[in-house]
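The next block holds one structure in the form of structure tokens; read it before the comments.
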Amino acid sequence: MPVPSRFRTLALALFVVPGCLSAQTYITAGDNRLSLRQVLRFHPEGMVLSLPGAQGKSLSAAIDTALEAEPALALQLTGQELDSGLKAGREFLRLRGWSADLPHWALVGPDQRIYAEGTAAPTSTQLFEAYQQSPLHTRAQVLRDFLKVNSDHLEGLARLILETRALAERRTELALGPKSSADALEPTGAKEGTDPTKAPPPTKASEGNAPALLLEELDASIWGEYAALYQRFIREGIWLDAALDGAGPIPLAGELSSSAEHSPGLRALASQLLPTIEEQLRHHPSNEHRWQVWMSLRAAGATSRPSQVLAGLRPLPGALRWPPAAALVAFVEDARQRGDWREVEPILQASFDQTLELLRAMESAAREDANQGAQALGSNGSAGMQVQMGTYFGFGGWNSDVADLLEAKMRLGKLEEADKVFQALWSRVSKPATASSAAALARACGVDSLAQKWGQLAR
Amino acid sequence: MSLCKIFPLLALSLGFGSTLGAQTAVMRVLLDQERIEASATLSVIDAKGTRTLAHGFTTLLQGDELKAFDVPLRVHILGSGTEKELLSTYRLLPKPQWILVARRGAALLAQGEGLPEAQTFAHQLQQAGFRDRVKDLRAYLKEFPRALEAREELLNQLRQRGERTAQRYMGVQVPPPKERLDRGDLAGFLHAQDAPEKVDLSSANALSPVQDFEAWGDFAHELDFVFGSGEWRELDFLWLREGRPLDTASPTLRAVYKRWQPSVEAALRQEPESESFWNLWIWMSQAQGGKPLGPLLSTLSPSPLTPKDQWPPERVVHNLFARARTQEEWRTLQALYLAKWENEPHVLREPAPPRPPQLDQSQIMGSDQALLFDHDWTLCLAPLLECCLRGGDPGLADTYLMEALNASRWAALPEKGAAVARRSGHSALAARWSAQRAVGAH
């Protein structure tokens, strides 16, 4: 489609909202009507629930720390603090007839059975051992068992990919430490459920801006299962079944982990899978999801350029734009990476022009609707009806599309054109925040004249 | 559509406030953005009532000379107000007429008062830049055989041509969902997005085998191709949302659906939460006069992490509900809605507790209690009651309604329940419900 399907999604979202909201969303975590059973219903793996004591002493932070550390990290359990003033909290207290004076925690199964409990926060090891002794199974294990019997259940496979990805990402984060600081490196666990204390030093030192890398053995233990599953997911074309509305696990699992750059194994896999992805992308270059998957591989170090992907293709007869709108983000990212904005500038300009055209059409349509509304109310035409589309839908005001266009123009030295784009925007949305964002961008691009000019409008 | 996409937009849509119901033109602009660019738009300004000119153009565009062109048609009724901008922009007198306006630059390319001759109009369209899209797309696909967007567009074009030809032979006019927007019927349009209407084709002429082949042969051939190649799993079938449900009358289409529905069922076994596969299955079933849902459901397993009341996806269940016809279907759906009713939190079912003082108001979406009740009613309790009533279990329906009334004390509930009972053929129950008063109603 020439214009991304987000417009359709947006249109339907705006108007179908009541119809799309699931009835269950009407009661949220803070609602007194939410029962314990309902808190547990999305967690067949069980949960670690807690209640603060009457003095307000909470175990929640300590439980979260325990769940985020090995060995309990492997369980990928969710901890939630309840409120004894609300229904779910009262039901939790009644499970064992506890008094509300002391804080309490418990490992609770989906059937509300308690497998471990205490009034002081458990350690990670205590939680892990209690879980191992319970009949509960982690989400990943439930899925592995299910897939043994239902090997072609693709949604199950996609969910397992997401579960293994989440755990591996967290383990990578722990292994590399905050911002790859060598001092913060922690020894970490190997495979799920094994002794984490005998791990080798986890990383090679990073050089310059290159991402820190996990050492081979640790990489394989953290990412091995995910890599094998992801490879199957791409090789067998399962990722292509991405639901058209973008819902469900399959589109989510299609993108390679954002931590893949730290894994030598995944980096190699990304380069290996790139030709397959690009072939499929060429079959549907207007599909945003395929571009996102492609970009996720590129972020993991696979080298390619959007213009190479599209080389030799032609726009569909009657297409509004080429390259397709879906490729815009990839082109911008490529320009930023290479520090060369020449190719992307006309693409950004075309996108901006099309957006303005759409906005004008919508304003005209809104006037038409207002006329009809006024007639239905028996008043005189649109005289009393204010039609101000303004920045509704986010694309009449300051957004990343505008910022990218301004940046391209400033990086290319087209200062007059940049100012013209900004002034057009300013005439529509005269908000100080818009001017200060633009001024900050100009400063970042080293264009002091525009930074000063736009900055003055922010005052 | 995922909820994560919806939530940020909720406040935005509520910003429209009371004008939300009248945003048909805005809606059309947003939807039309998805079209491949048409060279021009045909606007027909017609008299209130007969709409002779608009009907004339609809027929004209279905004829052999013009069916190659995909012409966007907008109808404005004199006096409705929607024509004012056109009249002033092009300095036209307020009378029935048509104009052809270039999409880029908005230049007036052709105009007239009466219906033009088909050949003359075809020439004007060509002058305006219209081309035979099917020819263009086929040529493109010859060069790029795996171009999915071209395949989607080709299927869409062939579908539209099939619909035009079939309507001509059948002597019927079935409006596509989008046409409702021209009539200002936003609610009807939205309803049709979820579940295309049940159309009564009993008075239509039967298609002869030759007519059937002429109307649907190309479309059916293309469908056979995409199902045979497996490409169908990657395609967006636009007609499932925007098509006219004429398929029941076509033996050719019914045969295609019968041939390929097992492939869709096999795909559903792999991806039982896929709304696109479900919608295709539902369309195919409806075209074949209905297919029992129970046997299919018994072969599908959602992922083990999906709570049983969350499957099939809510919109799919709603779609199945909107098309249910047999008692067996109502009973199958009753079980699905009952699982939702019993396992999900529901404002209508849980007694309203005093709100704890520390509760942040923003934690409850929307502060309007009546709105929340109404959503819960529309999405769950109303369909559950209707399934019970049509499935032959009015006693159960009575239990659920009374339970909700006692818990929620929602004053509007008795009358809403009575309306469901009436349309389900239970007038005595409707009268009894209507007479109920919620204790301490709000």
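Below, chain A is the first sequence line, B the second, and so on; all start at residue 1.
With a threshold of 4.5 angstrom between heavy atoms, B/Arg269 approaches chain A through N, CA, C or O but not through any side-chain atom. The contact between A/Leu313 and chain B is made by backbone and side chain atoms together, counting heavy-atom distances below 4.5 Å. Contact of B/Glu83 with chain A is not made at all, since no heavy-atom distance falls under 4.5 Å. Of the atoms belonging to B/Pro145, not a single heavy atom falls under 4.5 Å from chain A. Using a 4.5 Å cut-off between heavy atoms, A/Gln280 touches chain B through its side chain atoms alone. For B/Asp374, no part lies under 4.5 angstrom from a heavy atom of chain A.
Side-chain contact check for A/Gln38 and A/Arg41: no donor-acceptor pair (N or O, by modelled atom type) lies under 3.5 Å. No hydrogens or angles considered: nothing links the side chains of A/Gln76 and A/Arg139 as a donor-acceptor pair under 3.5 Å. Looking only at atom types and distance, the side chain of B/Arg233 has a donor-acceptor partner in the side chain of B/Gln270 under 3.5 Å away. In this structure, a donor-acceptor pair under 3.5 Å is absent between the side chains of B/Arg315 and B/Asn279.
Taking the six-membered ring where the residue is Trp, A/His153 and A/Phe146 present perpendicular rings, their angle passing 60° and hence far from 30°.
The most heavy-atom pairs under 4.5 Å with chain B, out of A/Arg159, A/Arg37, A/Glu155, come from A/Glu155. When each of A/Glu163, A/Glu45, A/His43, A/Arg314 is scored by its heavy-atom pairs under 4.5 Å with chain B, the top score falls to A/Arg314.
Side-chain atoms of A/Arg282 come within 3.5 Å of backbone atoms of A/Ala311 as a donor-acceptor pair (strictly under, hydrogens ignored).
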